[in-house]
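Residue numbers begin at 1 in each chain, while the letters A, B, ... track the order of the sequences.
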Number of protein chains: 2
Amino acid sequence: MRRDVFQAIADPTRRAILTLIALQAMTPNALAEHFDTSRQAVSKHIKILAECQLVDQQQHGREIYYHFNPEKMKEVADWLAPFQKMWEERFDRLDNLLENLKAQQNVR
Amino acid sequence: MRRDVFQAIADPTRRAILTLIALQAMTPNALAEHFDTSRQAVSKHIKILAECQLVDQQQHGREIYYHFNPEKMKEVADWLAPFQKMWEERFDRLDNLLENLKAQQNVR
DNA sequence: TATAAATGCAATTAATCGGTTGCGCAAGTT
DNA sequence: AACTTGCGCAACCGATTAATTGCATTTATA
């Protein structure tokens, strides 16, 4: 099963799970309490997140704590970087435009 | 149809389309030449990208040029930011660890 | 040792996805 | 005027998705 970080974060529930466990490692049961779905549904999401290494697990007795693993998220950031440059440039251009408009305010 | 930027960039073809038109605005036909699929398939992807405002269109006669719109991509960057902070911290910690190890190299 | 709790796995299902094919329409071309 | 080109739209189809339900397994507790 080819799992891909982009596909993993496409689902809003999975994004919420990541946000939760980024703050604190949690068990599937504890996670499920934050959602309107069943524990099994949450576990399936966790499985997908684990498959693309966005989460790690750590067993404590019969409980399994899932941790967020930021490493793989870099892939998204790396893909995003060139685009980010584009909107920053666009922002700069808008900035310059506004500066110019201000300067010419009394001209026309 | 509820479209969401995260879902839009989940598909590899759509990510490739964005990369292409970020460099230069293109028509659906021109885009389709870069892929192994039909023009209609590409058009469907474009439609999805347009629905979440990742692309703008500009008609020239019977041709439609699709432009990349970086604005909406910020949503992804914004969501990513806190996580990015985490892996940077982790990197810093690793960095400190390495520093400490170096310093203690002769101790144990 | 019997029972309860925490979890994973498998089967099922409705919905969505990505793709193809066929069609219609508007804009150029002959 | 007839034809070609570029495009969007609708219908259809197989694959995938997200969710539920039921069951098995391991670990803790009474």
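The aromatic ring centres of B:F68 and A:F83 sit less than 6.0 Å apart.
Scanning for salt bridge (charged side-chain N to carboxylate O under 4.0 Å, His left out) contacts around A:E63 gives an empty result, with sequence neighbours left out.
Note: CD1 (A:I46) to P (C:dA6) measures 14 Å, nearest angstrom. Atom CZ of B:R3 and atom C1' of C:dG18 are 11 Å apart (whole Å). A straight line from CD of B:E51 to P of C:dC17 spans 10 Å, rounded to a whole angstrom. Between A:F6 atom CZ and C:dC17 atom P the separation is 19 Å, expressed in whole Å. Atom C1' of nucleotide C:dT16 and atom CG of B:D11 are separated by 13 Å, given to the nearest angstrom. Going from atom CG of B:N29 over to atom P of D:dC7 covers 5 Å, rounded to whole Å. In this structure, the CG atom of B:D4 is 11 Å from the P atom of C:dC17, given to the nearest Å.
Both B:K44 and B:P28 sit near DNA chain D, but only B:P28 has its closest nucleotide nearer the 5' end.
In terms of phosphate contacts, A:H45 brings a side-chain nitrogen or oxygen within less than 4.0 Å of OP1 or OP2 of D:dA19.
Distance from the side chain of B:I48 is smallest for C:dG18 among the nucleotides C:dC17, C:dG18, D:dC7. Of the candidate nucleotides C:dT7, D:dC9, D:dT17, D:dC9 has the atom nearest to the side chain of B:K47.
For A:H67 and A:Q57, the side-chain atoms include no donor-acceptor pair closer than 3.5 Å.
In this structure, B:D78 places its CG atom where more than 12 heavy-atom neighbours from other residues, nucleotides or ligands lie under 6.0 Å away. Within a 6.0 Å radius of CD in A:Q24, other residues, nucleotides and ligands contribute 12 heavy atoms or fewer.
A:Y66 places none of its side-chain heavy atoms less than 4.5 Å from the side chain of A:M26. With contacts defined as side-chain heavy-atom distances shorter than 4.5 Å, the pair B:I9/B:L54 qualifies.
A salt bridge links B:K72 with B:E75: the closest approach of a Lys/Arg side-chain nitrogen to an acidic carboxylate oxygen falls below 4.0 angstrom.
Of the residues in residues 31-43 of chain A, those lying under 4.0 Å from DNA chain C by heavy-atom distance are A:R39, A:Q40, A:S43. A heavy atom lying under 4.0 Å from DNA chain D marks the following residues of residues 56-69 of chain A, by number: A:G61, A:R62.
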Inset, instruction - Evaluate the salt bridge (charged side-chain N to carboxylate O under 4.0 Å, His left out) criterion for residues A:R15 and B:D4: first the C-alpha distance (whole Å), next the side-chain angles of each, then the deciding distance (0.1 Å), finally the verdict. - result: CA-CA 13 Å; A:R15 287 200 301 279; B:D4 158 359; 3.4 Å; yes
